[in-house]
*Asks:* 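To start, I am sharing the structure in question, which I have written as structure tokens.
Values below: all heavy atoms of this structure, side chains included; hydrogens, waters and symmetry mates excluded.
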Amino acid sequence: MSVVPLIEADAACGRKAYALATLMRAGLPVPDGFVVTDPATDPGRISASLRRLAARAVAVRSSGRTEDSGTVSYAGQLETVLGARVVDDVLAAIGRCAASAGTQRARAYQTHLDLDGEARVPVIVQELVEADHAGVLFTRDPRTGDDTVVINASWGLGESVVSGTVVPDEVTVTPPADTVRVTIGTKQTRLDLSDQGLVGSPVAEPDRVRGCLTVGGIERLVALGRRCEALFGRPQDVEWAAADGQIWLVQSRPITTLQASRTPAGDAGSGHVLATGVPSSPGQALGPARLVRSVDGFSRVRRGDILVCRTTDPAWTPLFRLAAGVVTETGGILSHAAIVAREYGIPAVAGARDALRRIPDGSPITIDGARGTITARPS
């Protein structure tokens, strides 16, 4: 079949769809949807499937057969389209997502990690949860590999956390007593669905310093994350969204990097601390700071530079093959920049406030991805 109800998805529907179907069949809360295995499917069949969904908009996501494996996440490399409503927009989104495996960006990622490529991939069309707050949960801390649950959360749709455009709240829950530690992020912006489509807006000042999650919400998320881990038999990276008191699971995939280790580049404790942020990929690296504010600055990055930027999106991934380390002003441990840095084996510090102002371009610096520090080094 070229259009498959999500709950019936099998391995031929790609790893992401198969994982979601497994969650649904186990009774876990997953938004309804369907999978298009052939982008040349009759539009009438897609339209009929779309009418059966209850939400006013959908999320359209790739579901590659090599995506979301135990060794590589493809974080952000394949296309996602949020907020499509009418049939023509959904059809266009399906086409974009199916073809995204063949983009130069995806091929470069596959080459760097020695992966087999796909020309086109199956596509998930799923009800979009209009989230009050959302985020990502890891059932193991990727910095240490221990069984501490790590949650990142922010207001609105989860794309703000995944893309690293905000510094999210970070919650850690450590057994055996499930000790909870909450670090409040800045959460300056949010993304929501409106009648005009997706709209970004400033977060109200009081909410920027207020935690997104209640004690009960944390308990429910931890329980759901552990059920996912038990179901798949390995640590999980879970995307979730909360609306009207209900928590929904929109992705569960293996954590690709645990207990990463790096050869120290020297004593990161010496030297003047220029900036601090969220420890996001362990290890140390010494190199010249290369400040990049937009894609126009990509050509300035040389092998061995420490990339310093506001945030990254999938278009920035080729720079990770050159950089010795990455510093972002926004984002957290579970953002795109942090996940890709861990997969590429380089240290990263996310959420380093004012890093572009505090760190001189071209200056020798040491980044410590385990401590979350960026220090000046003698020239």
Side-chain angles (χ1 to χ4, degrees), residues 61 68 72-78 80 82 105 109 131 133-143 149-172 183-191 200 203 208 212-213 221 236-241 250-251 253 255-258 260 275-283 292 306-320 323 325-353 355-356 367 369-370 372 374:
R61 296 185 172 93
D68 293 353
V72 291
S73 66
Y74 273 79
Q77 301 310 304
L78 304 184
T80 292
L82 302 177
R105 176 181 78 206
Y109 178 86
H133 54 283
V136 183
L137 175 152
F138 273 32
T139 61
R140 295 288 188 274
D141 190 327
R143 297 164 291 198
V149 176
V150 182
I151 304 169
N152 279 184
S154 193
W155 303 114
L157 299 181
E159 181 64 16
S160 298
V161 174
V162 173
S163 64
T165 57
V166 298
V167 179
D169 296 341
E170 179 175 306
V171 180
T172 58
T183 303
I184 302 297
T186 53
K187 308 185 297 294
Q188 294 185 351
T189 62
R190 60 182 292 160
L191 186 68
V203 171
R208 295 184 186 186
C212 295
L213 294 170
L221 276 170
Q236 293 292 295
D237 164 353
V238 180
E239 290 185 22
W240 57 272
V250 297
Q251 173 183 281
R253 65 187 181 192
I255 299 175
T256 56
T257 48
L258 289 172
T276 61
V278 180
S280 296
S281 181
V292 179
I306 307 296
L307 173 64
V308 182
C309 56
R310 172 69 176 168
T311 187
T312 70
D313 61 34
W316 294 62
T317 302
L319 300 185
F320 287 66
V326 178
V327 178
T328 63
E329 290 190 321
T330 61
I333 182 180
L334 310 185
S335 63
H336 167 267
I339 291 173
V340 175
R342 291 193 294 268
E343 289 187 348
Y344 277 48
I346 60 175
V349 176
R353 186 174 181 180
L356 287 166
I367 173 178
I374 305 98

*Asks:* For residues R208 and I184, determine if any side-chain heavy atom of one lies less than 4.5 Å from a side-chain heavy atom of the other.
*Replies:* no
*Asks:* Could you report the tightest heavy-atom contact between P168 and V161, atom names first, then the distance?
*Replies:* CB-CG2, 4.2 Å
*Asks:* Of the non-hydrogen atoms in V292 and C309, which two are nearest, and what is the gap between them?
*Replies:* O-CB, 3.3 Å
*Asks:* Evaluate the criterion side-chain contact (heavy atoms from CB on, under 4.5 Å) for residue pair R342 and T256; output intermediate values, then yes/no.
*Replies:* CA-CA 9 Å; R342 291 193 294 268; T256 56; over 6 Å; no
*Asks:* Taking all non-hydrogen atoms of both residues, which atom of V308 and which atom of L356 are closest, and how far apart?
*Replies:* O-CD2, 3.6 Å
*Asks:* Is H133 close to W240 at the side-chain level, that is, under 4.5 Å between some pair of heavy atoms?
*Replies:* yes
*Asks:* Mind checking side-chain hydrogen bond (donor to acceptor under 3.5 Å, both in side chains) for T312 and listing every partner two or more places apart, or none if nothing turns up?
*Replies:* H336
*Asks:* Minimum heavy-atom separation for G369 and P347, please, with both atom names.
*Replies:* N-CB, 4.0 Å
*Asks:* Go through the structure and list residues passing salt bridge (Lys or Arg N to Asp or Glu O under 4.0 Å) with R353, not counting sequence neighbours.
*Replies:* none
*Asks:* Listed by chain and number, what are the side chain to side chain contact (heavy atoms under 4.5 Å, CB included) partners of V349, not counting sequence neighbours?
*Replies:* A352, I367, I374
*Asks:* Output every pair passing salt bridge (charged side-chain N to carboxylate O under 4.0 Å, His left out) with a member in residues 157-166, not counting sequence neighbours, ordered by first then second residue.
*Replies:* none
*Asks:* Holding to side chain to side chain contact (heavy atoms under 4.5 Å, CB included), I want the full list of residues that pass it with S280, two or more places apart in sequence or in another chain.
*Replies:* V278, I333, A338, A348, A350
*Asks:* Which pairs with one or both residues in residues 308-320 pass salt bridge (charged side-chain N to carboxylate O under 4.0 Å, His left out), sequence neighbours excluded?
*Replies:* R310-E329
*Asks:* Quick one: side-chain hydrogen bond (donor to acceptor under 3.5 Å, both in side chains) partners of T186, sequence neighbours excluded?
*Replies:* none
*Asks:* Who are the side chain to side chain contact (heavy atoms under 4.5 Å, CB included) partners of T189, not counting sequence neighbours?
*Replies:* V166
*Asks:* Which atom names give the shortest non-hydrogen contact between V136 and E239, and what distance separates them?
*Replies:* CG2-CG, 4.1 Å
*Asks:* List the residues meeting salt bridge (Lys or Arg N to Asp or Glu O under 4.0 Å) with R190, not counting sequence neighbours, and say none if there are none.
*Replies:* D192
*Asks:* Look only at the side chain of T311 and the backbone of G164, and say whether a donor-acceptor pair between them is shorter than 3.5 Å.
*Replies:* yes
*Asks:* Closest heavy-atom contact between A370 and P279?
*Replies:* O-CB, 3.4 Å
*Asks:* For V171, give me all partners under side chain to side chain contact (heavy atoms under 4.5 Å, CB included), at least two apart in sequence or on another chain.
*Replies:* I151, V173, V180, V182, L213, I218
*Asks:* Holding to side-chain hydrogen bond (donor to acceptor under 3.5 Å, both in side chains), I want the full list of residues that pass it with E170, two or more places apart in sequence or in another chain.
*Replies:* R143
